[in-house]
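Working notes, beginning with the structure itself.
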Amino acid sequence: MASEPAVPDAGAPAGAEEVPAAESPPGDGMPGWVWALPGGAGCAGHARRVLREALASLGAPPGVIADAQLMVSELATNAHQHAGEHGPHELWLYRGGQCAREFRCAVFDAFADAALPGYSWTSGDCGRGLSIVRELSGGRWGTRRTLSRLGPPVRGKAVWFALPGGNAALPR
């Protein structure tokens, strides 16, 4: 059952679609904002710009924004390199877990069966970016099988990380 995309509210970051909890994928319960990510090599750059603008508009501190940009760049690059033909690709920003003062950011792709590479600084070319995500997020990152949030639901996975949100307000 396809539904119309949610209309962003007046306080939403530029280009974002607000997704109320009632319209999130079943069992997801994550209201927040969602952006479509382009395919191709521009995916990571677009994700960095969108996230920087969104977090700045929400009042996140500059250091949090810089860390978030590095982490989302790693996740968007992985989505492009390892799931490039498995779209859609989406960027999600929402309030995290039980902590209202924490943001969570996720990159979704439709390659649900992909295993995440190990994260070691010395084990070759794969997985080092996830070590950066692990370190900058204080170990608060992960992956989950879920559905896309824009357009008709598509099965896939979201790789997410948490970061402190300060006093910024996200939709409940």
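In this chain, numbering begins with 1 at the start of the sequence shown.
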*Are any non-hydrogen side-chain atoms of S137 and L163 less than 4.5 angstrom apart?*
no
*Taking atom OG of S57 and atom CH2 of W33, what is their separation to the nearest 0.5 Å?*
7.0 Å
_Closest contact, heavy atoms only, D109 versus H89_ = CB-CD2, 3.4 Å
*S73: what forms a side-chain hydrogen bond (donor to acceptor under 3.5 Å, both in side chains) with it, not counting sequence neighbours?*
R48
_If we ignore hydrogens and angles and just use 3.5 Å, is the side chain of R145 paired with the main-chain N or O of A112 as donor and acceptor?_
yes
*With R104 as the cation and W160 as the aromatic partner, state whether NZ or CZ is under 6.0 Å from the six-membered ring centre and within 45° of the axis.*
yes
*asked:* Looking at every non-hydrogen atom in both residues, tell me the closest pair between A68 and F161 and how far apart they are.
replied: O-CZ, 3.7 Å
_How close do I65 and A60 get, counting heavy atoms only, and between which atoms?_
CD1-O, 3.4 Å
*Hey, does L75 have a side-chain heavy atom less than 4.5 Å from the side chain of L130?*
yes
*Shortest non-hydrogen contact from S148 toward E90*: CB-OE2, 3.4 Å
_Set of ring pair (Phe, Tyr, Trp, His ring centres under 6.0 Å) partners for F108, sequence neighbours left out_ = W92
*H80 side chain to G40 main-chain N or O, any donor-acceptor pair under 3.5 Å?*
yes
*Could you walk me through whether R140 and E102 pass the side-chain contact (heavy atoms from CB on, under 4.5 Å) test, one step at a time?*
CA-CA 11 Å; R140 300 205 26 84; E102 173 183 275; 3.0 Å; yes
*Is the backbone N or O of F111 less than 3.5 Å from a side-chain atom of K157, with the two atoms forming a donor-acceptor pair by type?*
yes
*asked:* R49: which residues meet the side chain to side chain contact (heavy atoms under 4.5 Å, CB included) condition with it, sequence neighbours left out?
replied: H46, R52
_Just to verify, what does A76 make a side chain to side chain contact (heavy atoms under 4.5 Å, CB included) with, not counting sequence neighbours?_
C43, A44, A47
_Non-hydrogen side-chain atoms of V107 and V72 separated by less than 4.5 Å_ = yes
*What about L58 and M71, same hydrophobic cluster or not, with Ile/Leu/Val/Met/Phe/Trp/Tyr joined at side-chain heavy-atom distances under 4.5 Å?*
yes
*Do L55 and L93 come within less than 4.5 Å of each other through their side chains, counting heavy atoms only?*
yes
*Do P88 and V154 come within less than 4.5 Å of each other through their side chains, counting heavy atoms only?*
yes
